[in-house]
Amino acid sequence: MLSDAYSTYIGLEAEAKALLTFQPLMIPGLLQTADYARAVVAGGPAEINLEEVDRRVEVRIARQNALRGPDPLRLWAIIDEAALHRPVGGPEVMRDQLKHLQDIATLPKVTLQVIPFRTGVHPGVAGGSFAILEFPGSEDPDAVHVDTAAGELFIEEPDQVDRYRVAFQHLTAVALSPDDTLAMIADRTIQT
C-alpha cells in the first residue's frame, strides 16, 4: 500500500509542468527500469512482500508516461556519479539501466546531468536528494519534496523553495553538460 505522503507526491507530480530533481545515490524514479526499481524497492528500509514490491514498481513505471505524449513533463535530473557505479540489482540490471538512461535522455523535455567524482564536495553533498515541483499558473505555488528517514517533507514557503532552486542552479553549474553526461554513461555502460 502506498503511503499517504507518497500518494500526495504522485498527485502533485501529475499536475506539475516541470520537475527539477537531484539524486546523489540512485537513479531518479522517473528514469528507472522496472528491474532497477524492483531492486531499489526490495532493498529499501521497510520489509515488504513481493506483491507489494511489484505494486510499487508498477506505480513507478506508470509515472514515466508523464515524460511522453503531447504535453510531457519537463524533467531536469541531476545525479551524482556514485549512482552510476552502485550495482543496483547486479551487473545486467545496471547495464540495462545505463542503456535506458541513454535512451530516455534523448526525449525532448528531459535533461540529464551527472556530477563527476572529480568535482569533490558540491552543494548536494550535505543536503541530500530533493525534487522541485513547478506548477502552471500562479494559483498553485511551486513546492519542494524531500524524502528523509523521518518521513517525507513538502516545502511550499516561497523563500525556502527559492533556496532549493538556488542549490539546484549551483548543482547544474558543477555537473557535466548533457552531452558529456551521455558520454560518461556510455563509457560506464561498457565497463559494467
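Heavy-atom basis, side chains included; hydrogens, waters and symmetry copies ignored. Keep in mind the model is a prediction, meaning the values are calculated, not measured.
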Treating R95 as the side-chain partner and T189 as the backbone partner, does any N or O pair qualify as donor plus acceptor under 3.5 Å?
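Not confirmed, R95 side chain does not pair with T189 backbone.
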Is the backbone N or O of K17 less than 3.5 Å from a side-chain atom of R74, with the two atoms forming a donor-acceptor pair by type?
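Looks like no, no N/O pair under 3.5 Å.
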Any [X] side-chain heavy atom under 4.5 Å of [Y] side chain:
| X | Y | value |
| --- | --- | --- |
| E134 | R165 | yes |
| T111 | L75 | no |
| I185 | L112 | yes |
| L153 | H145 | no |
| I115 | I78 | yes |
| E15 | F135 | yes |
| M26 | V88 | no |
| T21 | F130 | no |

Option passing side chain to side chain contact (heavy atoms under 4.5 Å, CB included) with R60 (candidates R63, R56, E58):
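The option that passes is R63.
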In terms of hydrophobic clusters joined by side-chain contacts under 4.5 Å, are W76 and L182 together?
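Different hydrophobic clusters.
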Would you say L133 and L67 are hydrophobically clustered, going by side-chain heavy atoms of ILVMFWY under 4.5 Å?
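Yes: a chain of side-chain contacts under 4.5 Å links L133 to L67.
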In Å, rounded to the nearest 0.5 Å, how long is the span from [atom1] of [X] to [atom2] of [Y]?
| X | Y | atom1 | atom2 | result |
| --- | --- | --- | --- | --- |
| L98 | I27 | CG | CD1 | 6.5 Å |
| E81 | R86 | CD | CZ | 12.0 Å |
| D140 | E156 | CG | CD | 9.0 Å |
| I79 | T181 | CD1 | OG1 | 8.0 Å |
| Q169 | L20 | CD | CG | 9.5 Å |

Taking every non-hydrogen atom, the tightest pair across [X] and [Y]:
| X | Y | answer |
| --- | --- | --- |
| M94 | A83 | CE-O, 3.4 Å |
| F22 | D80 | CE1-N, 4.5 Å |
| Q32 | Q97 | CA-OE1, 3.3 Å |
| L31 | A77 | CD1-CB, 3.9 Å |
| Q64 | G29 | NE2-O, 3.2 Å |
| A143 | V161 | CA-CG2, 4.2 Å |

Kindly indicate, with the supporting measurements, whether the criterion side chain to side chain donor-acceptor pair (under 3.5 Å) is fulfilled by E13 and Y9.
CA-CA 6 Å; E13 184 182 85; Y9 175 78; 3.2 Å; yes
Can you name the side chain to side chain contact (heavy atoms under 4.5 Å, CB included) partners of D180, sequence neighbours left out?
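For D180 the side chain to side chain contact (heavy atoms under 4.5 Å, CB included) partners, ignoring immediate neighbours, are L176, S177.
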For A66, all residues meeting side chain to side chain contact (heavy atoms under 4.5 Å, CB included), sequence neighbours excluded
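Testing A66 for side chain to side chain contact (heavy atoms under 4.5 Å, CB included), a comparison that skips the adjacent residues, returns L73.
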Tell me if the centroids of the rings in H100 and Y36 come within less than 6.0 Å of each other.
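When the ring centroids of H100 and Y36 are compared, they turn out to be at least 6.0 Å apart.
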Just wondering, are more than 12 heavy atoms of other shown residues or ligands nearer than 6.0 Å to CD in E92?
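No, CD of E92 has 12 or fewer neighbouring heavy atoms, counting only those of other groups under 6.0 Å.
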Within 6.0 Å of CG in D159, more than 12 heavy atoms from elsewhere
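Yes.
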Between L84 and L101, does a side-chain contact (heavy atoms from CB on, under 4.5 Å) hold up when you go through it step by step?
CA-CA 10 Å; L84 303 179; L101 281 179; 4.0 Å; yes
Derivation of the side chain to side chain donor-acceptor pair (under 3.5 Å) call for R163 and Q160:
CA-CA 5 Å; R163 288 182 194 161; Q160 293 177 6; over 6 Å; no
Worked check of side-chain contact (heavy atoms from CB on, under 4.5 Å) between F154 and V144:
CA-CA 6 Å; F154 292 97; V144 175; over 6 Å; no
Ion pair present between R38 and D54, side-chain N to carboxylate O less than 4.0 angstrom?
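Salt bridge present between R38 and D54.
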